[in-house]
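For this chain, numbers begin at 1 and follow the sequence in order.
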Amino acid sequence: VGCVWLVSSISICLKNSFPMSIWWGPNFTFFYNDNYRPFLGAKHPVVGKPAIQEVWPELEDTLDSSLRGAMNGEASSFYEDALLVMERKGFTEECYFIYTLCPIYEESMKVGGVFNTGVETTKNVLQTRRLAAVRELSNINKTSTTAEFIQLLSKTLSKYTHDLPFTLIYLHDEKENKLKLQVITGVESGEPYSAQEVEENDGTARIWSFAEVLNEKATVQIDDLLPRIGEIFGKVWPEPCRHALVAPIISTMKSEPVG
């Protein structure tokens with residue numbers, strides 16, 4: 001009897017124009033339609049494999065309780081813009097979905113599996129969040145004092161650690177001919193990479209290629225961050241930061257960068 005209901009469920013799945021998958025039985029054997037394939041990325045094809053053990057092992061902690069609840073006959077679960085950290089393209093990826101998990105009942109009213117339908121909203125979630133950050137930064141009162149501006153800038157940057165795990169902002173002190181740390185988020189000051197004061201050729205300056213950035217007045221992308229500073233973890237993601245951008249602060253009042 002279970003096979004009859006599985007075949008019926010697969011037929012519904014394959015004919016549905018909405019992205020849909022089936023997680024069948026105690027091992028959550030995995031079936032899906034063509035519209036679900038983009039969610040899988042390089043994992044496809046994985047039809048008939050155990051969904052948690054082989055298809056989505058990275059989602060076990062996130063989905064296990066909801067899937068078990070559905071298998072126990074609990075009402076359908078609905079999730080809106082839910083974060084799912086996936087590894088479907090060869091790297092860890094921040095993904096968001098609107099999705100449901102619905103029990104599939106057999107004739108005996110025993111739950112045989114779970115229907116999963118959903119749409120990916122990653123692009124919309126990231127765009128909305130990042131535009132909000134840009135908008136909030138651009139709305140900081142430019143007529144405030146330097147101290148007030150720096151305080152507001154630090155407060156705003158610290159709210160967007162999903163996109164900016166850490167930030168350091170140095171301004172040039174003309175009298176002492178040093179760069180002085182004004183804003184820091186996500187990490188502690190006083191480390192080799194976050195010194196309070198930086199001179200032209202000291203360790204912090206070399207780590208962040210400050211000479212190149214200031215002399216060329218151009219942004220530098222650092223792709224070998226781990227060898228330079230070791231593992232730095234932001235407040236949101238479990239992986240260490242591997243890349244950084246270092247940009248000059250340009251003033252319309254001066255010919256040279258101010259930080």
Side-chain angles (χ1 to χ4, degrees), residues 85 87 90-94 126-127 129-259:
V85 179
E87 296 177 9
F91 57 89
T92 304
E93 186 180 1
E94 174 190 6
L126 296 185
Q127 284 183 344
R129 188 178 70 209
R130 290 166 182 173
L131 284 173
V134 172
R135 183 166 55 249
E136 192 168 347
L137 288 168
S138 65
N139 287 337
I140 294 177
N141 187 359
K142 307 301 189 300
T143 62
S144 58
T145 65
T146 300
E148 291 172 341
F149 182 83
I150 288 172
Q151 184 178 13
L152 290 171
L153 183 60
S154 178
K155 182 179 179 181
T156 302
L157 290 172
S158 64
K159 291 168 57 177
Y160 294 98
T161 52
H162 281 78
D163 299 303
L164 298 168
F166 71 93
T167 58
L168 303 166
I169 297 180
Y170 287 87
L171 295 181
H172 185 244
D173 186 315
E174 294 182 351
K175 292 182 179 179
E176 298 185 28
N177 194 28
K178 294 179 179 179
L179 290 167
K180 293 190 175 182
L181 183 63
Q182 304 293 327
V183 173
I184 180 169
T185 65
V187 293
E188 299 295 328
S189 63
E191 298 292 339
Y193 53 79
S194 59
Q196 290 285 349
E197 296 184 352
V198 179
E199 297 188 22
E200 184 176 356
N201 291 312
D202 70 8
T204 301
R206 291 194 299 272
I207 287 173
W208 299 120
S209 302
F210 280 166
E212 180 181 355
V213 171
L214 296 173
N215 293 333
E216 300 294 331
K217 302 178 185 178
T219 299
V220 170
Q221 179 169 323
I222 296 175
D223 294 320
D224 58 340
L225 193 59
L226 283 173
R228 293 190 185 208
I229 64 175
E231 293 186 340
I232 288 183
F233 295 88
K235 295 182 178 179
V236 178
W237 309 119
E239 298 83 13
C241 300
R242 292 181 170 84
H243 310 276
L245 288 177
V246 186
I249 300 174
I250 306 298
S251 171
T252 57
M253 306 294 291
K254 296 183 179 181
S255 60
E256 297 300 319
V258 297

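Here the closest non-hydrogen pair linking Arg242 and Leu225 is O-CB, 3.3 Å. Scanning all heavy atoms of the two residues, the minimum distance from Lys217 to Ser255 falls at NZ-O, 2.8 Å. Pairing each heavy atom of Val213 with each of Ala247, the nearest pair is CG1-C, 3.8 Å. Across Arg228 and Arg206, no two heavy atoms sit closer than the pair NH1-O, 3.7 Å. Considering every non-hydrogen atom in both Ile250 and Pro257, the closest pair reads CD1-CG, 4.0 Å. Contact record, Leu226 with Pro240: CD2-CB, 4.0 Å, taken as the closest heavy-atom pair.
Residues Gln221 and Asp223 have side chains that bring a donor and an acceptor to within less than 3.5 angstrom of each other. Looking only at atom types and distance, the side chain of His172 has a donor-acceptor partner in the side chain of Asn177 under 3.5 Å away. Between Ser189 and Gln196, the side chains place a donor N or O and an acceptor N or O closer than 3.5 Å (distance only, hydrogens not considered).
You'll find the side chain of Leu168 reaches within 4.5 Å of the side chain of Leu181, heavy atoms only. Residues Ser154 and Thr185 form a side-chain contact, since some pair of their non-hydrogen atoms from C-beta on lies under 4.5 Å apart. In this structure the side chain of Leu164 reaches within 4.5 angstrom of the side chain of Leu157, judged on heavy atoms. Here the side chains of Asp173 and Leu179 are not in contact, with every heavy-atom distance at 4.5 Å or above. With contacts defined as side-chain heavy-atom distances shorter than 4.5 Å, the pair Ile229/Trp208 qualifies. Ile249 has its side chain out of reach of Tyr170: every pair of non-hydrogen atoms, C-beta onward, lies at least 4.5 Å apart.
No salt bridge links Lys178 with Glu200; every basic N to acidic carboxylate O contact stays at or beyond 4.0 Å.
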